[in-house]
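Notes follow once the structure below has been shown.
Predicted, not measured: the structure shown is a model, and the values here were computed from it.
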Amino acid sequence: MKKVLSIAMVAILALSVFVGCGKSAYKDGTYKAQYSAADEHGWTEYVEVTVKDGKVTACTADATNAAGEKKSASAEYRASMEPVNGNYPEKFYKDIATQYVEKQSAEKMAAVAGATNSSNSIKVLLVELEKSMKEGKTDTDTVTAA
């Protein structure tokens, strides 16, 4: 009986190790990454991610200009984009952020239709940010555009 009990205890311990391995490597906190300079249109993209219990629970993506205005709130930018491809910053940044929360990984994300450049740009920020999220470094990451 003792032998069976011992084997059962070893099996339970081994199983608990494997279950623990499935936990996200992200540390709880709020993380931000942004580009070091504005793009050719004067916008600097950024992303902010909240991690709770090892999982991404919130994500915000956007861009600001020199005046501190958000691209997602720019009526001018929306008016120039929406008629051309049906998408605009307020919508596509939300779609990108929602996809990141759902996928829990930048590598698993697909580009949002009508916003391929912004999707790829935000994905670069998220890949860099994930390094900080794994280490628990909550200082803003500044990324140099390629």
Side-chain angles (χ1 to χ4, degrees), residues 7-146:
I7 292 172
M9 291 299 283
V10 169
I12 290 170
L13 286 173
L15 184 59
S16 68
V17 168
F18 289 116
V19 171
C21 290
K23 187 177 181 199
S24 173
Y26 301 145
K27 308 260 188 237
D28 290 2
T30 300
Y31 302 88
K32 184 175 180 179
Q34 65 186 28
Y35 283 104
S36 59
D39 64 16
E40 65 275 5
H41 303 291
W43 297 100
T44 304
E45 286 186 310
Y46 69 89
V47 65
E48 188 169 305
V49 173
T50 302
V51 176
K52 184 170 180 179
D53 297 328
K55 292 182 68 174
V56 174
T57 57
C59 180
T60 302
D62 211 327
T64 55
N65 61 17
E69 300 165 326
K70 289 187 176 184
K71 190 177 192 180
S72 63
S74 173
E76 180 182 329
Y77 211 95
R78 180 177 179 160
S80 71
M81 279 192 75
E82 190 173 20
V84 176
N85 65 19
N87 216 335
Y88 50 93
E90 181 181 13
K91 183 179 181 303
F92 68 68
Y93 281 131
K94 183 179 178 185
D95 291 346
I96 292 167
T98 298
Q99 185 180 168
Y100 185 66
V101 173
E102 290 171 357
K103 303 284 185 181
Q104 298 287 306
S105 168
E107 292 298 324
K108 295 178 182 176
M109 294 173 59
V112 172
T116 302
N117 289 339
S118 288
S119 294
N120 292 336
S121 177
I122 294 298
K123 185 175 177 177
V124 167
L125 290 174
L126 288 167
V127 166
E128 287 301 312
L129 194 60
E130 286 174 349
K131 296 172 189 173
S132 292
M133 291 162 52
K134 288 176 182 176
E135 296 175 10
K137 293 182 179 178
T138 57
D139 294 339
T140 298
D141 288 339
T142 303
V143 178
T144 303

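Between K131 and D141, every side-chain heavy-atom pair lies at or beyond the 4.5 Å cut-off. No side-chain heavy atom of T30 sits under 4.5 Å from any side-chain heavy atom of T138. Residues V51 and K27 fail the side-chain proximity criterion, which asks for heavy atoms closer than 4.5 Å.
Between S121 atom OG and L126 atom CG the span is 10.0 Å, to the nearest 0.5 Å. Note that the OH atom of Y88 and the OG atom of S80 stand 13.0 Å from one another [nearest 0.5 Å]. For the atom pair D28 CG and K52 NZ, the distance stands at 8.0 Å (nearest 0.5 Å). Atoms CE and NZ, on M81 and K71 in that order, are 7.0 Å from each other to the nearest 0.5 Å. Atoms NZ and CG, from K32 and D139 in turn, are 12.5 Å apart once rounded to the nearest 0.5 Å. Note that OG1 of T142 and CD of E128 are 11.0 Å apart. Values are rounded to the nearest 0.5 Å.
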Derivation of the side chain to side chain contact (heavy atoms under 4.5 Å, CB included) call for S118 and E45: CA-CA 8 Å; S118 288; E45 286 186 310; 3.3 Å; yes

List the steps and the verdict of side chain to side chain contact (heavy atoms under 4.5 Å, CB included) for Q99 and S119. CA-CA 10 Å; Q99 185 180 168; S119 294; over 6 Å; no

From CA spacing to verdict: side chain to side chain contact (heavy atoms under 4.5 Å, CB included), I122, M109: CA-CA 10 Å; I122 294 298; M109 294 173 59; 5.5 Å; no

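In terms of heavy-atom proximity, A63 sits nearest to Y93 at CB-OH, 3.6 Å. When all heavy atoms are compared, the tightest approach of Q34 to L125 is C-CD2, 3.8 Å. In plain terms, the two heavy atoms of N85 and G114 that are nearest each other are ND2-O, 2.9 Å. Of all non-hydrogen atoms in Y100 and E130, the two that sit nearest each other are OH-OE2, 2.8 Å. In terms of heavy-atom proximity, P89 sits nearest to S72 at CB-CA, 3.8 Å.
At a cut-off of 3.5 Å, with distance as the only test, no side-chain donor of Q104 or Y26 sits close to an acceptor on the other residue. Remark: the Y46 side chain and the T140 side chain contain no N/O donor-acceptor pair separated by less than 3.5 Å.
N120 places no side-chain N or O within donor-acceptor distance of the main-chain N or O of A111, the cut-off being under 3.5 Å. Using modelled atom types, no side-chain atom of D53 and backbone atom of K55 make a donor-acceptor pair closer than 3.5 Å.
A side-chain contact (heavy atoms from CB on, under 4.5 Å) with C59 is found for exactly one of V101, I96, L129, namely V101.
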